[in-house]
Visitor: 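Okay, handing you the structure first.
Just so you know, ligand 1 is whichever comes first in the structure, and atom 1 is the first atom listed for that ligand.
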Amino acid sequence: MVDQANQLREKMIGKKAEKPDRKSVKKTRVLAITSGKGGVGKSNFALNFGLSLVEQNKKVLIFDVDLGFANIDVLLGRTPRETIATMIEKDLAAQDIIEEGPNGLLFISGGNGFNDLFQMDDLKLQKFFRELAALQGEVDYIILDTGAGLSYENLRFILAADDVILVTTPEPTSITDAYSVVKMVHGKDPNVHMKLVVNQCTSIREGQQTADNFKQAAKQFLGKEIGALGSIPSDSHIPEAVKKQKPLLLAYPKSEAAVAIRQMTGEFLELRMPYKLGLKGFIMKILFK
Ligand SMILES: Nc1ncnc2c1ncn2[C@@H]1O[C@H](COP(=O)(O)OP(=O)(O)OP(=O)(O)O)[C@@H](O)[C@H]1O
Ligand SMILES: [Mg+2]
């Protein structure tokens, strides 16, 4: 594992790795981006929030765990050399599947034709997640772009992450589905930290009102505190960036949505969220819970 961590470090910082001193070892936080309803903007948010953290000098890896419908690579206009699917097929190491995207953003692509990681035999599953343990301390954030809804697989990722960012739009269907996610997750583990992002708002007021109503319902009916991370306006620059296969933050850095995501990132970095067990805790929970 030590050798592998060194190889990873070399790959990430592009020079011969030296053993880091203990003070410089980062705490790696795992954030799961999820939603109840599909198509609300999770993948675009995960990618641009990740890039915005990179702008704040954070080392970030986006891990596309929407297996079967993985599309972070498509949003980046990249064809990955290897994916989670081929890693398992060819028995590759973690460093073989980590790709470097724009501005040093790292990503792991899910790959297609692969839709049930947890159906894999136990030894393969353990090997896969133990490989990822080499990333501990090498990146500040691992952002999981999950699929929508309450699949068994999604729930496992959500319950194992340090923080969960729940994306909704102001539409009632999206809000009720997001609420179902909170209810299910809270029922399984009341200590999961969740923050709400309201995407595709027509006004700041609409974003605030949606978040306030959601917060109130979660508090009243579940006794769960869900703070809002912020809202993102409906902005045609997002579909334009998707068509160009370039992240919004790079294609349209001054667009309204890009400005909102940067502002949210600033606020996110100010939050004093309790640090759980990071990547190692994530792996233990994924494997043994
Ligand atoms: N703020 C926004 N303004 C306008 N369009 C948006 C915004 N956010 C996302 N979109 C559009 O919504 C669509 C869905 O976005 P995205 O793929 O990020 O959603 P998703 O939640 O990851 O979907 P899935 O559940 O299928 O994984 C895309 O066509 C994107 O261009
Ligand atoms: Mg998606």
Visitor: Of all the atoms in Ser43, is at least one N, O or S atom closer to the Mg ion (ligand 2) than 2.8 Å?
Guide: yes
Visitor: Could you label the plane-to-plane angle of the Tyr179 and Phe214 rings as parallel, tilted or perpendicular, counting under 30° as parallel and over 60° as perpendicular?
Guide: perpendicular
Visitor: Just so I know, are the side chains of Pro253 and Arg262 near enough to count as touching, which here means a heavy-atom distance under 4.5 Å?
Guide: yes
Visitor: Side-chain contact, heavy-atom cut-off 4.5 Å: Leu106 with Lys59?
Guide: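 They are in contact (side-chain heavy atoms under 4.5 Å apart), so the answer is yes.
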Visitor: Based purely on interatomic distance, does Phe45 place a nitrogen or oxygen under 3.5 Å from a nitrogen or oxygen of ligand 1?
Guide: no
Visitor: Quick one: look at Val242 and ligand 1, take heavy-atom pairs under 4.0 Å, and tell me if it's side chain, backbone, both or neither.
Guide: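 Contact part for Val242 vs ligand 1: side chain (C-beta onward).
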Visitor: Would you mind checking which non-hydrogen protein atom is closest to atom 14 (C) of ligand 1, with the distance to 0.1 Å?
Guide: Gly39 O, 3.6 Å
Visitor: Could you check atom 5 (N) of ligand 1 against the protein and tell me its nearest heavy-atom contact, residue, atom and distance included?
Guide: Pro239 CD, 3.6 Å
Visitor: For Arg78 and Ile72, indicate whether the former's side chain and the latter's backbone hold a donor-acceptor pair under 3.5 Å.
Guide: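 Between the backbone of Ile72 and the side chain of Arg78 there is no qualifying donor-acceptor contact (under 3.5 Å).
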Visitor: For atom 9 (C) of ligand 1, what's the nearest protein heavy-atom neighbour? Residue, atom name and distance, please.
Guide: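 Answer for atom 9 (C) of ligand 1: Gln200 NE2, 3.6 Å.
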Visitor: Could you tell me the residue and atom name of the protein heavy atom closest to atom 19 (O) of ligand 1, and the distance to it rounded to 0.1 Å?
Guide: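 The answer is Gly41 N, 3.0 Å.
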Visitor: At under 4.0 Å between heavy atoms, which part of Asp66 makes contact with ligand 1: side chain, backbone, both or neither?
Guide: side chain
Visitor: One pair to check against ring pair (Phe, Tyr, Trp, His ring centres under 6.0 Å): Tyr141 and Phe49. What are the steps and the verdict?
Guide: CA-CA 11 Å; Tyr141 293 98; Phe49 183 63; 7.7 Å; no
Visitor: Would Asp145 and Ser43 count as having a side-chain donor-acceptor pair, cut-off 3.5 Å?
Guide: yes
Visitor: Please determine, by modelled atom types, if Ser109 and Thr83 share a side-chain donor-acceptor pair under 3.5 angstrom.
Guide: no
Visitor: What residue and heavy atom of the protein are closest to atom 8 (N) of ligand 1, and at what distance?
Guide: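 Scanning the protein heavy atoms, the shortest distance from atom 8 (N) of ligand 1 goes to Asn199 ND2, 2.9 Å.
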Visitor: Would you check whether Ser43 has a nitrogen or oxygen atom less than 3.5 angstrom from a nitrogen or oxygen atom of ligand 1?
Guide: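 Looking only at distances, the answer is yes, because the N/O contact criterion of under 3.5 Å is met.
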Visitor: Could you tell me whether a side-chain N or O of Lys224 sits under 3.5 Å from a main-chain N or O of Pro190, the two making a donor and an acceptor?
Guide: yes
Visitor: Quick one: does Ser234 get within less than 4.0 Å of ligand 1, heavy atoms only?
Guide: yes
Visitor: For atom 28 (C) of ligand 1, tell me which residue out of Leu47, Ile261, Asn44 has the closest non-hydrogen atom.
Guide: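 Among Leu47, Ile261, Asn44, the closest heavy atom to atom 28 (C) of ligand 1 comes from Asn44.
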Visitor: Side-chain heavy atoms nearer than 4.5 Å, only ILVMFWY residues, links allowed to pass through others: does that put Leu76 and Val74 together?
Guide: no
Visitor: Is the closest side-chain heavy-atom distance between Phe268 and Gln56 below 4.5 Å?
Guide: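 When only atoms from C-beta onward are counted, Gln56 and Phe268 do not touch, as no gap falls below 4.5 Å.
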Visitor: For atom 4 (C) of ligand 1, what is the closest protein heavy atom, and at what distance to 0.1 Å?
Guide: Asp235 O, 3.3 Å
Visitor: Can you check which of Glu256, Lys42, Lys37 brings a heavy atom nearest to atom 25 (O) of ligand 1?
Guide: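 Shortest heavy-atom distance from atom 25 (O) of ligand 1: Lys42.
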Visitor: Please state which part of Ala257 comes within less than 4.0 Å of ligand 1, counting heavy atoms only: side chain, backbone, both or neither.
Guide: neither
Visitor: Taking the side chain as every heavy atom from C-beta outward, state whether Asn154 and Thr146 have any pair of such atoms under 4.5 Å apart.
Guide: yes
Visitor: Is it the side chain, the backbone, both or neither of Pro233 that has a heavy atom closer than 4.0 Å to ligand 1?
Guide: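 Just the backbone.
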Visitor: What atoms in ligand 1 come closer than 4.0 Å to a heavy atom of Gly38?
Guide: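 So the answer, numbered in order with elements, is 25 (O).
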